[in-house]
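The structure displayed is predicted, hence computed values, not measured ones. Below, chains carry the letters A, B, ... as their sequence lines are ordered, and counting in each starts from 1.
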Number of protein chains: 2
Amino acid sequence: MSLPHAILTALLEKPSSGLELTRRFDRSIGFFWSATHQQIYRELGRLEASGHIRALPQAGPARGQKKEYEVLPAGRAELERWTAEGADPRAVREPLLLRLRAAAVVGTAGLDTELQRHLALHRAKLDDYLEIERRDFPPGRAADENRLQHAVLRAGIGLETFWVEWLTETLSALPEY
Amino acid sequence: MSLPHAILTALLEKPSSGLELTRRFDRSIGFFWSATHQQIYRELGRLEASGHIRALPQAGPARGQKKEYEVLPAGRAELERWTAEGADPRAVREPLLLRLRAAAVVGTAGLDTELQRHLALHRAKLDDYLEIERRDFPPGRAADENRLQHAVLRAGIGLETFWVEWLTETLSALPEY
DNA sequence: GGCGGCTATGCAACTAGTTGCATAAAGGCT
DNA sequence: AGCCTTTATGCAACTAGTTGCATAGCCGCC
């Protein structure tokens with residue numbers, strides 16, 4: 001049950017419409033909790049029905065028009081409750097590792113290409129993250145008021161760095177088959 | 001659509017019953033593709049219906065009795081097909097990072113304890129993995145015939161190492177709030 | 001001989017996430 | 001005016017994963 005809380009957090013940071021949220025999920029929140037626009041619209045409907053958020057009043061027709069939402073006190077309270085509660089880390093679920101294990105049984109054809117492709121993807125994402133860090137968290141600022149946001153970004157950087165290193169290592173071991 | 005392929009791989013490694021598979025998913029395959037016994041039994045039923053696996057003949061009553069499965073040629077072919085095909089890396093989905101971001105908005109109460117708890121969990125898992133590595137992949141063996149399995153385990157070790165380091169770092173930055 | 005615990009399989013109902021498509025306003029373009 | 005693209009919201013149907021519980025054989029034990 002994390003999606004509603006991801007949306008509440010996003011809306012507290014800045015009231016938005018469904019499509020704006022979708023874009024923010026593609027750019028920042030989605031780096032560690034991805035969601036499609038379908039999930040977001042549906043969840044916005046539920047959050048509104050349960051009194052956690054409300055649509056800001058607007059003129060004009062409903063269909064095809066932007067609909068902005070803001071968080072109500074009940075929504076903030078729910079987010080506080082959820083933030084204080086614990087949850088175990090998610091089990092890893094990565095098809096590439098499954099493929100490696102399958103390849104050990106049925107053969108390694110095409111594996112090299114696939115690893116190369118993943119390496120390029122992870123390198124690109126790592127560069128993205130480093131660029132964001134350079135822009136939003138320059139080394140000069142000593143009294144950092146956004147320490148938590150930075151910690152989250154550092155997690156993304158650390159994970160992508162891990163994948164790049166692991167893929168490089170694994171690729172260099174593979175040709176010996 | 002990875003679960004059926006995870007099961008095919010497991011059954012090729014060794015024909016098993018549903019419960020045996022469940023245990024192996026808790027111990028080894030589940031490290032990178034977790035599944036409950038419910039998912040496994042349901043998927044075994046589907047794989048049998050589609051002719052990818054078959055139940056080994058057995059005496060005695062059906063209910064409450066162990067039922068072993070083995071992979072049929074069609075199943076192996078399907079696994080080969082799937083292994084050669086590509087799939088993008090999964091987006092990260094980690095509630096803890098969401099919590100950090102939410103805490104930046106609604107307050108950090110209880111966050112320290114939660115990070116400590118995660119650190120302990122990741123340390124334990126890392127120790128598990130290192131123990132398995134020590135047991136199954138001792139440094140002496142130069143001509144390693146299980147390179148792929150070892151690579152998969154190294155991925156688990158790398159990921160847990162990352163989390164331990166990141167949590168330690170983040171915890172040391174947190175008290176300054 | 002009946003009770004508790006373990007092994008084993010499985011159904012039903014639910015929640016979460018994905019995919020494909022429909023609808024409609026607004027603005028440019030020719 | 002007619003058409004195309006972009007922005008914007010949303011329904012319906014599907015696949016995947018989770019939770020709770022039911023059933024049944026087997027074994028020890030007291």
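- Sorted by first then second residue, the salt bridge (Lys or Arg N to Asp or Glu O under 4.0 Å) pairs that include residues 34-53 of chain B, not counting sequence neighbours, are Glu43(B)-Arg46(B).
- Interatomic distance, CD1 of Ile7(A) versus CD1 of Ile53(A), reported as 7.5 Å (0.5 Å rounding).
- Applying the salt bridge (charged side-chain N to carboxylate O under 4.0 Å, His left out) criterion to Glu165(A), with sequence neighbours excluded, gives no partner residue.
- Residues Glu70(A) and Leu11(A) have side chains not in contact (no heavy-atom distance under 4.5 Å, counting atoms from C-beta outward).
- Near DNA chain D, defined here as any heavy-atom distance below 4.0 Å, the residues from residues 74-101 of chain A are Arg93(A), listed numerically.
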Could you pull out all donor-acceptor pairs under 3.5 Å where a side-chain atom in residues 27-35 of chain B meets a protein atom, sequence neighbours excluded?
residue  : atom : partner   : partner atom : Å
Ser28(B) : OG   : Arg101(A) : NH2          : 3.3
Ser34(B) : OG   : Arg93(A)  : NH2          : 3.1

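- Whole-Å rounding puts the Arg46(B) CZ to dC11(C) C1' distance at 13 Å.
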Please list, one pair per line, the donor and acceptor atoms closer than 3.5 Å that link side chains of residues 14-21 of chain B to other protein atoms, with sequence neighbours excluded.
residue  : atom : partner  : partner atom : Å
Ser16(B) : OG   : Lys14(B) : O            : 2.8
Ser16(B) : OG   : Arg24(B) : NH1          : 3.0
Ser17(B) : OG   : Glu20(B) : N            : 3.4
Glu20(B) : OE1  : Ser17(B) : N            : 3.1
Glu20(B) : OE2  : Lys66(B) : NZ           : 3.1

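- For residues 2-15 of chain B, proximity to DNA chain D is found at no residue, defined as any non-hydrogen atom under 4.0 angstrom from a strand atom.
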**Request:** Any chance you could lay out the side-chain contact (heavy atoms from CB on, under 4.5 Å) test for Leu96(B) and Leu115(B), step after step, and finish with the verdict?
**Result:** CA-CA 8 Å; Leu96(B) 184 64; Leu115(B) 292 174; 4.0 Å; yes

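- The distance between atom CD of Glu43(B) and atom P of dC11(C), rounded to the nearest whole Å, is 14 Å.
- Sorted by first and then second residue, the pairs that involve residues 69-120 of chain A and meet ring pair (Phe, Tyr, Trp, His ring centres under 6.0 Å), not counting sequence neighbours, are His5(A)-Trp82(A).
- Not a single side-chain hydrogen bond (donor to acceptor under 3.5 Å, both in side chains) links His37(B) to another residue, sequence neighbours left out.
- Scanning residues 21-42 of chain B for heavy-atom distances under 4.0 Å to DNA chain C yields Arg23(B), His37(B), Gln38(B), Tyr41(B).
- Rounding to whole angstrom units, CG of residue Leu47(A) and P of dA16(C) are separated by 12 Å.
- Across the protein-nucleic acid pair, Lys66(A) atom NZ and dG27(C) atom P stand 13 Å apart, rounded to whole Å.
- Where the helix from dG1(C)-dC30(D) to dT30(C)-dA1(D) starts and where it ends, the local axes point in directions that differ by 10°; five pairs per end, rounded to 10°.
- We find that CE of Met1(B) is positioned 11 Å from P of dG17(D), with the value rounded to whole Å.
- Between Val106(A) and Arg76(B) there is a side-chain heavy-atom pair separated by less than 4.5 Å.
- Sorted by first and then second residue, the pairs that involve residues 152-163 of chain A and meet salt bridge (Lys or Arg N to Asp or Glu O under 4.0 Å), not counting sequence neighbours, are Glu133(A)-Arg154(A).
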**Request:** Apply side-chain contact (heavy atoms from CB on, under 4.5 Å) to Arg134(A) and Leu130(A), showing your working.
**Result:** CA-CA 6 Å; Arg134(A) 212 145 41 78; Leu130(A) 288 173; 5.9 Å; no

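- Residues forming a side-chain hydrogen bond (donor to acceptor under 3.5 Å, both in side chains) with Ser50(B) (at least two apart in sequence, or on another chain): His52(B).
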